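For reference, the structure is listed below as C-alpha coordinates.
Just so you know, these numbers use all the heavy atoms, side chains as well, and skip hydrogens, waters and symmetry mates. Values in this document were obtained by computation on a predicted structure and should not be read as measured data.
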Amino acid sequence: MTPPFRHRIRVRFGECDPQGVVFYAHYLSYWDVAITELWRETVGPHTDMVGAGADLMVAEANIRYRASAKFDDEIDVLITITRLGTTSMTTAMSVERVPDGELLVEGELRHVFVHPKRLEKLQIPPEVRAALERYAVEAVA
(Lines give C-alpha, C1' and ligand atoms only; values in the text may rest on other atoms or scores of the structure.)
Protein backbone atom coordinates (compact mmCIF):
# COMPACT_ATOMS: atom_id res chain seq x y z
CA MET A 1 0.00 0.00 0.00
CA THR A 2 1.14 3.54 -0.76
CA PRO A 3 2.40 5.29 2.39
CA PRO A 4 0.55 8.54 3.09
CA PHE A 5 2.09 11.99 2.86
CA ARG A 6 2.76 13.19 6.41
CA HIS A 7 3.12 16.77 7.68
CA ARG A 8 3.77 17.68 11.33
CA ILE A 9 2.17 20.71 13.04
CA ARG A 10 2.35 21.96 16.64
CA VAL A 11 -0.94 23.26 18.06
CA ARG A 12 -0.76 26.93 18.98
CA PHE A 13 -2.56 28.44 21.98
CA GLY A 14 -4.78 30.66 19.81
CA GLU A 15 -6.18 27.58 18.02
CA CYS A 16 -7.76 26.29 21.24
CA ASP A 17 -11.26 27.10 22.47
CA PRO A 18 -12.34 27.89 26.07
CA GLN A 19 -12.50 24.14 26.79
CA GLY A 20 -8.76 23.94 26.11
CA VAL A 21 -9.00 21.85 22.94
CA VAL A 22 -8.43 22.72 19.29
CA PHE A 23 -11.46 24.58 17.92
CA TYR A 24 -13.02 22.26 15.35
CA ALA A 25 -12.63 24.53 12.31
CA HIS A 26 -8.85 24.64 12.69
CA TYR A 27 -8.58 21.04 11.53
CA LEU A 28 -9.62 22.18 8.05
CA SER A 29 -6.83 24.78 8.20
CA TYR A 30 -4.38 22.04 9.20
CA TRP A 31 -5.55 20.04 6.19
CA ASP A 32 -5.01 23.07 3.95
CA VAL A 33 -1.47 23.56 5.26
CA ALA A 34 -0.69 19.87 4.65
CA ILE A 35 -2.15 19.93 1.12
CA THR A 36 0.07 22.94 0.37
CA GLU A 37 3.11 20.99 1.59
CA LEU A 38 2.08 17.90 -0.39
CA TRP A 39 1.83 20.15 -3.45
CA ARG A 40 5.23 21.72 -2.78
CA GLU A 41 6.85 18.27 -2.51
CA THR A 42 5.19 16.66 -5.53
CA VAL A 43 4.17 19.31 -8.04
CA GLY A 44 6.26 22.33 -6.98
CA PRO A 45 5.13 25.82 -6.03
CA HIS A 46 1.38 26.27 -6.40
CA THR A 47 1.98 29.60 -8.11
CA ASP A 48 3.85 27.84 -10.94
CA MET A 49 0.81 25.69 -11.71
CA VAL A 50 -1.47 28.74 -11.62
CA GLY A 51 0.93 30.56 -13.93
CA ALA A 52 0.69 27.61 -16.34
CA GLY A 53 -3.11 27.98 -16.44
CA ALA A 54 -4.50 25.58 -13.81
CA ASP A 55 -5.70 25.96 -10.24
CA LEU A 56 -7.77 23.85 -7.87
CA MET A 57 -10.53 24.56 -5.40
CA VAL A 58 -12.27 22.58 -2.70
CA ALA A 59 -15.61 21.23 -3.87
CA GLU A 60 -16.41 19.02 -0.88
CA ALA A 61 -15.15 18.50 2.66
CA ASN A 62 -16.20 15.76 5.07
CA ILE A 63 -14.78 15.53 8.56
CA ARG A 64 -15.29 13.24 11.57
CA TYR A 65 -13.97 14.14 14.98
CA ARG A 66 -12.69 11.26 17.15
CA ALA A 67 -10.62 12.92 19.91
CA SER A 68 -9.20 16.34 20.72
CA ALA A 69 -5.79 17.89 20.33
CA LYS A 70 -4.67 20.39 22.95
CA PHE A 71 -2.26 23.32 23.13
CA ASP A 72 1.33 22.38 22.33
CA ASP A 73 0.43 18.89 21.05
CA GLU A 74 2.36 17.80 18.01
CA ILE A 75 0.03 16.39 15.39
CA ASP A 76 0.63 14.72 12.06
CA VAL A 77 -1.68 15.34 9.13
CA LEU A 78 -1.77 12.33 6.80
CA ILE A 79 -2.91 12.51 3.19
CA THR A 80 -3.58 9.73 0.72
CA ILE A 81 -4.94 10.49 -2.73
CA THR A 82 -7.79 8.03 -3.15
CA ARG A 83 -8.88 9.16 -6.61
CA LEU A 84 -7.37 11.08 -9.49
CA GLY A 85 -10.29 11.66 -11.81
CA THR A 86 -10.47 13.60 -15.05
CA THR A 87 -11.04 17.01 -13.47
CA SER A 88 -10.90 16.30 -9.73
CA MET A 89 -8.97 14.52 -7.03
CA THR A 90 -10.16 13.06 -3.74
CA THR A 91 -7.93 12.79 -0.70
CA ALA A 92 -8.35 10.82 2.51
CA MET A 93 -7.26 13.08 5.35
CA SER A 94 -6.50 12.26 8.97
CA VAL A 95 -4.86 13.84 12.00
CA GLU A 96 -2.92 11.80 14.56
CA ARG A 97 -1.39 12.87 17.85
CA VAL A 98 2.38 12.45 18.15
CA PRO A 99 3.86 10.28 19.69
CA ASP A 100 1.00 7.88 20.53
CA GLY A 101 -0.57 7.93 17.04
CA GLU A 102 -4.11 8.39 18.39
CA LEU A 103 -6.54 9.18 15.56
CA LEU A 104 -8.06 12.59 16.27
CA VAL A 105 -9.81 13.49 13.03
CA GLU A 106 -10.50 11.77 9.72
CA GLY A 107 -12.31 12.67 6.56
CA GLU A 108 -12.07 13.48 2.91
CA LEU A 109 -11.52 16.44 0.61
CA ARG A 110 -12.46 16.67 -3.07
CA HIS A 111 -10.68 19.29 -5.16
CA VAL A 112 -11.69 20.32 -8.67
CA PHE A 113 -9.15 21.68 -11.14
CA VAL A 114 -10.18 24.99 -12.70
CA HIS A 115 -8.94 27.73 -14.96
CA PRO A 116 -7.46 30.39 -12.63
CA LYS A 117 -9.42 33.33 -14.07
CA ARG A 118 -12.60 31.80 -15.53
CA LEU A 119 -12.98 29.18 -12.75
CA GLU A 120 -14.20 26.65 -15.34
CA LYS A 121 -13.34 22.99 -14.77
CA LEU A 122 -10.16 21.72 -16.42
CA GLN A 123 -8.65 18.31 -16.93
CA ILE A 124 -5.85 17.57 -14.50
CA PRO A 125 -2.65 18.59 -16.32
CA PRO A 126 -0.63 15.46 -17.23
CA GLU A 127 2.49 16.64 -15.38
CA VAL A 128 0.42 17.30 -12.22
CA ARG A 129 -1.22 13.88 -12.47
CA ALA A 130 2.15 12.17 -12.86
CA ALA A 131 3.58 14.02 -9.84
CA LEU A 132 0.60 13.24 -7.59
CA GLU A 133 0.53 9.52 -8.41
CA ARG A 134 3.29 9.02 -5.83
CA TYR A 135 0.66 9.34 -3.07
CA ALA A 136 -2.27 7.86 -4.99
CA VAL A 137 -3.85 4.50 -4.27
CA GLU A 138 -6.05 4.76 -7.37
CA ALA A 139 -5.18 6.68 -10.52
CA VAL A 140 -8.38 6.59 -12.57
CA ALA A 141 -8.91 9.02 -15.43
Side-chain angles (χ1 to χ4, degrees), residues 1-116 118-141:
M1 181 167 167
T2 303
F5 175 82
R6 186 177 291 263
H7 181 70
R8 185 156 295 169
I9 296 172
R10 184 176 297 275
V11 174
R12 297 174 297 181
F13 182 78
E15 296 163 345
C16 297
D17 62 20
Q19 291 83 26
V21 299
V22 171
F23 180 68
Y24 73 94
H26 286 294
Y27 290 102
L28 291 170
S29 294
Y30 298 156
W31 288 4
D32 188 61
V33 168
I35 286 279
T36 299
E37 294 306 320
L38 166 73
W39 215 259
R40 188 182 328 276
E41 181 179 307
T42 58
V43 178
H46 183 86
T47 52
D48 288 358
M49 185 181 72
V50 172
D55 201 353
L56 71 161
M57 38 190 343
V58 173
E60 185 176 354
N62 296 296
I63 189 166
R64 289 174 296 282
Y65 302 94
R66 303 293 186 193
S68 298
K70 296 180 178 156
F71 168 63
D72 214 31
D73 280 352
E74 281 188 301
I75 55 175
D76 280 347
V77 180
L78 286 72
I79 303 172
T80 300
I81 299 169
T82 57
R83 185 171 190 285
L84 282 171
T86 303
T87 60
S88 67
M89 74 175 200
T90 304
T91 51
M93 310 290 294
S94 62
V95 177
E96 297 177 351
R97 186 181 350 268
V98 176
D100 65 7
E102 181 179 5
L103 177 64
L104 305 176
V105 173
E106 62 185 337
E108 187 175 84
L109 290 176
R110 185 172 53 87
H111 286 84
V112 174
F113 287 77
V114 297
H115 184 279
R118 296 188 306 268
L119 302 181
E120 298 167 343
K121 284 200 298 190
L122 293 175
Q123 288 192 1
I124 299 173
E127 63 278 7
V128 171
R129 175 183 296 283
L132 292 173
E133 285 178 349
R134 174 178 172 190
Y135 291 106
V137 294
E138 178 188 346
V140 179

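Taking CG of Leu104 as the reference point, atom CD of Glu106 lies at 10.5 Å (rounded to 0.5 Å). Taking CE of Met93 as the reference point, atom CG of Asn62 lies at 12.0 Å (rounded to 0.5 Å). Note that the OG1 atom of Thr87 and the CD1 atom of Ile124 stand 7.0 Å from one another [nearest 0.5 Å]. Atom CZ of Phe13 and atom CG of Asp72 lie 11.5 Å apart (nearest 0.5 Å). Atom CZ of Arg83 is separated from atom CD of Glu108 by 11.0 Å, given to the nearest 0.5 angstrom. Taken to the nearest 0.5 Å, the OG1 atom of Thr42 stands 9.5 Å off from the CD1 atom of Ile79.
Put simply, the side chain of Val114 does not reach to within 4.5 Å of the side chain of Leu122, judged on heavy atoms. Put simply, the side chain of Lys121 does not reach to within 4.5 Å of the side chain of Ser88, judged on heavy atoms. Under the 4.5 Å side-chain criterion, counting only non-hydrogen atoms from C-beta, Phe5 is in contact with Glu37. The shortest distance between side-chain heavy atoms of Leu56 and Met49 falls below 4.5 Å. Between His46 and Asp55, some side-chain heavy-atom pair lies under the 4.5 Å cut-off. Taking 4.5 Å as the limit, every side-chain heavy atom of Leu78 sits out of range of all side-chain heavy atoms of Thr80.
Although no hydrogens or angles enter the test, the distance criterion places no donor-acceptor pair under 3.5 Å between the side chain of Arg110 and the main chain of Thr90. A donor-acceptor pair under 3.5 Å is formed between the side chain of Asp100 and the backbone N or O of Glu102.
Annotation for His7 and Ala34: closest pair CB-CB, 4.1 Å, computed over non-hydrogen atoms. Minimum heavy-atom separation, Pro125 to Ala54: CG-CB, 3.8 Å.
Applying side-chain contact (heavy atoms from CB on, under 4.5 Å) to Ile9 and the options Val98, Asp76, Val33 leaves one that passes, Val33.
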Which donor-acceptor pairs under 3.5 Å do the side chains of residues 15-24 make with protein atoms, sequence neighbours left out?
residue, atom, partner, partner atom, Å
Glu15, OE1, Arg12, N, 2.9
Glu15, OE1, Tyr30, OH, 2.7
Glu15, OE2, Arg12, NE, 2.9
Glu15, OE2, Arg12, NH2, 2.7
Asp17, OD1, Gln19, N, 2.9
Asp17, OD1, Gly20, N, 3.3
Asp17, OD1, Val21, N, 3.3

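Residues in residues 80-116 take part in no ring-ring contact (aromatic ring centres under 6.0 Å, His included) pair, two or more places apart or across chains.
In this structure, the side-chain contact (heavy atoms from CB on, under 4.5 Å) partners of Ile63, at least two apart in sequence or on a different chain, are Tyr27, Leu28, Trp31, Tyr65, Val105.
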